[in-house]
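Letters A, B, ... are given to chains in the order of the sequence lines, protein chains preceding strands, and every chain is numbered from 1.
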There are 2 protein chains.
Amino acid sequence: MNHVTLKSLAKDLGLSTSTVSKALSDSYEISSETKKRVLAHAKDKQYKPNQFAKNLRTGGTNTIGIIISSISNTFMAQIVQGIQEVAQKYEYDFIIMQSQEDADIEKKSLENLFAKGVNGILLSPVHETSNIALLEQMQEEGCPIVLFDRIDSSLNTHKVGVNNFMGSYEATQLLINSGHRRFLHIGAKGVGISKDRFNGFKKALDDADIPFSNDQYLQCTIGDIETMRKEIHEVFSKIKNKSLEIDAIFGGSDIISANCLGILAELDIKVPNEVSVIGFSNSDLAFALNPSLSTITQPAEEIGRLAVEKLEKILSKKRYAHIEFETVELDTTIVLRNSTRK
Amino acid sequence: MNHVTLKSLAKDLGLSTSTVSKALSDSYEISSETKKRVLAHAKDKQYKPNQFAKNLRTGGTNTIGIIISSISNTFMAQIVQGIQEVAQKYEYDFIIMQSQEDADIEKKSLENLFAKGVNGILLSPVHETSNIALLEQMQEEGCPIVLFDRIDSSLNTHKVGVNNFMGSYEATQLLINSGHRRFLHIGAKGVGISKDRFNGFKKALDDADIPFSNDQYLQCTIGDIETMRKEIHEVFSKIKNKSLEIDAIFGGSDIISANCLGILAELDIKVPNEVSVIGFSNSDLAFALNPSLSTITQPAEEIGRLAVEKLEKILSKKRYAHIEFETVELDTTIVLRNSTRK
DNA sequence: TTGTACGCGTTATCAG
DNA sequence: CTGATAACGCGTACAA
């Protein structure tokens, strides 16, 4: 009684495999009588179709590939949560791969997923130009790509993320309205959306006629956490010894924001008395920080959900050729906690 | 030029599919001359074997299933990182599923993975008795299971985790040595390893003749974060209004520890002046908290790596019958930061 | 050393 | 409404 297959079911019931197959897929060709018999027996025997045979036959895999920078990033984990939710709905499996902010690893992952014959890929690119040629080729060969989070790539496809410019603009404006004037903006080097975030920030300053000089903008290394900390530490030291006057720090990503607070504590710079801090962050721990961290929060799960929906849209219409690609920019939410002066 | 298959390669080279197949798998039956030709051509054509056909043929899938409570848990994310590392080495893919602390979802996930024909499963069980019967059945039917993190299950198999008793014992002892006497221990309700952690804690107290009453032990709900916070908040309120005298709080898991700090800050209970805090935690943010959180840290990635190695061991020896299962208990590391008085 | 032929479990086509 | 048959791409006895 090893494996229950179509054949074994057919034998049990005195039917042919094709009849059983059709019955199980609720084909109109089969009498409801037979369907009932087959279904009952299949359930009884706990029949599970062999996915590989199915995939081999149909060409599809019912699997989508996901490539993110790192799984141990709260924001990404939340997105994956959303992805899983909708993927389940459409009965997709998914394979997660990590690019670790490295374009070469990203390339390998893409090729790997493609070789596995995934139906489509959800990608948060390493940077705006990484592997564009490969991605285009994959699209042509019938493997649709949907970008999420980092949606500044020049690839022509669906993109799902947030309006980084606006989120940044509004947060900055809030800080300005509560009296902050000398800002330090810390962004991620080489990441395109960092530019949008910086631009939103800068626009708010300009609109309020607040001066800004280049030493108020740090583009720090991502991918290597130690280097990042060192870079931030260096600038904060200047704040500590008053060679750089700052009253508000704006962290451009989840990881940057978290590290800012830790380093400020190390240097014994009081938050928010000496300096306010606000940052893009989706960590549940933001509230646990002391002072709790004011954040610009992204609808991470919604990004994940929408990304799958977009992919499904392409997948379901594959044959119908021409698709109008769109970019969805969701709104961010600003949560003011205790790291910012009122 | 659609798909490159064995057949197409064979045609190109004027060979048969079987020769090509054997050449590609480096069979001794094929002349090194032919092998070179085939390999070169295959590389040229970017031939990728169809996994589904291969799997269908061989029965295996080269895929392992992973079931964890939640992907947005730093500790689990780190474990997955370790898993990925070793899985890559053995050329395994992996599918991640989340049980969300729910035994029914765990069951569905197990069945799903089994139906997919994964080679084996890495599982961090919802609790010590969840789905034991199913797991045993799956093992019998040739799907090996390796447990990690929560290794108190009665299932007979390889298990990889940490020595929770000792980690807890030593941490408590440290706090005792620095003068703490009135402890509050917060564990996760229904999770077996919480008992080990509590027992280690209790033993340290006993060995030092420190009295302990039941209201110094809170078993809080996991799976629903709001409920957890409410439960913790309630107890901490007693500390605040002095109806419960406590000078040290011991958080029994990553999530618990983080929430403790947040709630203490909310209630304006000074750490470590009024109360010291130490907790099991693997969050990178521990250092970013203010005061930074003293932690008992688990070698998460190593747990992941070892778990895959154990699984591979079973997989490679499948035919050789009798396997001696073992339980690996790695050591924890205590990192004292500023949340504990010296 | 190479080629032939079959089967893994499924779906799809076509005939009955 | 049902059944025989082919095919998906691969690996492997077995034959040459």
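Atom P of nucleotide D:dC10 and atom NZ of B:Lys48 are separated by 13 Å, given to the nearest angstrom. The distance between atom CG of A:Leu56 and atom P of C:dT10, rounded to the nearest whole Å, is 12 Å. Taking atom CG of B:Leu13 as the reference point, atom P of C:dG3 lies 10 Å away to the nearest angstrom. Rounding to whole angstrom units, CG of residue B:Asn55 and C1' of D:dC8 are separated by 14 Å. To the nearest angstrom, C1' of D:dC8 lies 13 Å from CG of B:Leu6. A straight line from NZ of A:Lys11 to C1' of D:dT2 spans 20 Å, rounded to a whole angstrom. Put simply, NZ on A:Lys45 is 16 Å from P on C:dG9, counting in whole angstrom units. For B:Phe52 and D:dC10, the CZ to C1' distance is 13 Å, given to the nearest whole Å.
To the nearest 0.5 Å, the span separating CD on A:Glu101 from CD1 on A:Ile68 amounts to 10.5 Å. The line from CD of A:Glu136 to CG of A:Asn131 is 11.0 Å long, rounded to the nearest 0.5 Å. Atom NE2 of A:His158 and atom CG of A:Leu122 lie 12.0 Å apart (nearest 0.5 Å).
Residue B:Met97 is tested with B:Ile66, B:Leu110, B:Leu113, B:Ile121 for a side chain to side chain contact (heavy atoms under 4.5 Å, CB included); the sole match is B:Leu113. Across B:Ile151, B:Leu155, B:Asp152, a single residue satisfies side chain to side chain contact (heavy atoms under 4.5 Å, CB included) together with B:Glu128, and that is B:Asp152.
Counting distance only, with no hydrogens placed and no angle test, the side-chain atoms of A:Ser18 and the base atoms of D:dG3 include a donor-acceptor pair under 3.5 Å. A donor and an acceptor atom never sit less than 3.5 Å apart when one is taken from the side chain of A:Arg57 and the other from the base of C:dA12.
In the set C:dG9, C:dA5, C:dG3, C:dA5 carries the atom at the smallest distance from any side-chain atom of B:Thr17. You'll find that the side chain of B:Ala53 is closest to D:dC10, out of D:dC10, C:dT10, D:dC8.
Taking a 6.0 Å sphere around NZ of A:Lys89, one finds it holds more than 12 heavy atoms contributed by other residues, nucleotides or ligands. More than 12 heavy atoms of other residues, nucleotides or ligands sit less than 6.0 Å from atom NZ of A:Lys35.
In the model, B:Glu141 has a side-chain atom that pairs as donor or acceptor with a side-chain atom of B:Gln137 under 3.5 Å.
Near DNA chain D, meaning a heavy atom under 4.0 Å away, the residues from residues 20-40 of chain A are A:Lys22, A:Glu29, A:Ile30, A:Ser31, A:Thr34.
Of the side-chain N and O atoms in B:Tyr47, none sit less than 4.0 angstrom from OP1 or OP2 of D:dG9. Within the structure, every side-chain polar atom (N or O) of B:Thr19 is placed at least 4.0 Å from both OP1 and OP2 of C:dT2.
Note on the helix from C:dT1-D:dA16 to C:dG16-D:dC1: terminal axis deviation equals 50°, with five pairs used at each end and the result rounded to 10°.
Here B:Thr5 lies in heavy-atom contact (under 4.0 Å) with sugar-phosphate atoms only.
Judged as a side chain to side chain contact (heavy atoms under 4.5 Å, CB included), and not counting sequence neighbours, the contacts of B:Ile105 are B:Gln100, B:Asp102, B:Ser109.
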Before giving the answer on salt bridge (Lys or Arg N to Asp or Glu O under 4.0 Å), spell out for B:Lys313 and B:Glu324 the whole-Å C-alpha distance, their side-chain angles and the decisive distance to 0.1 Å. CA-CA 11 Å; B:Lys313 211 167 184 176; B:Glu324 201 63 43; over 6 Å; no
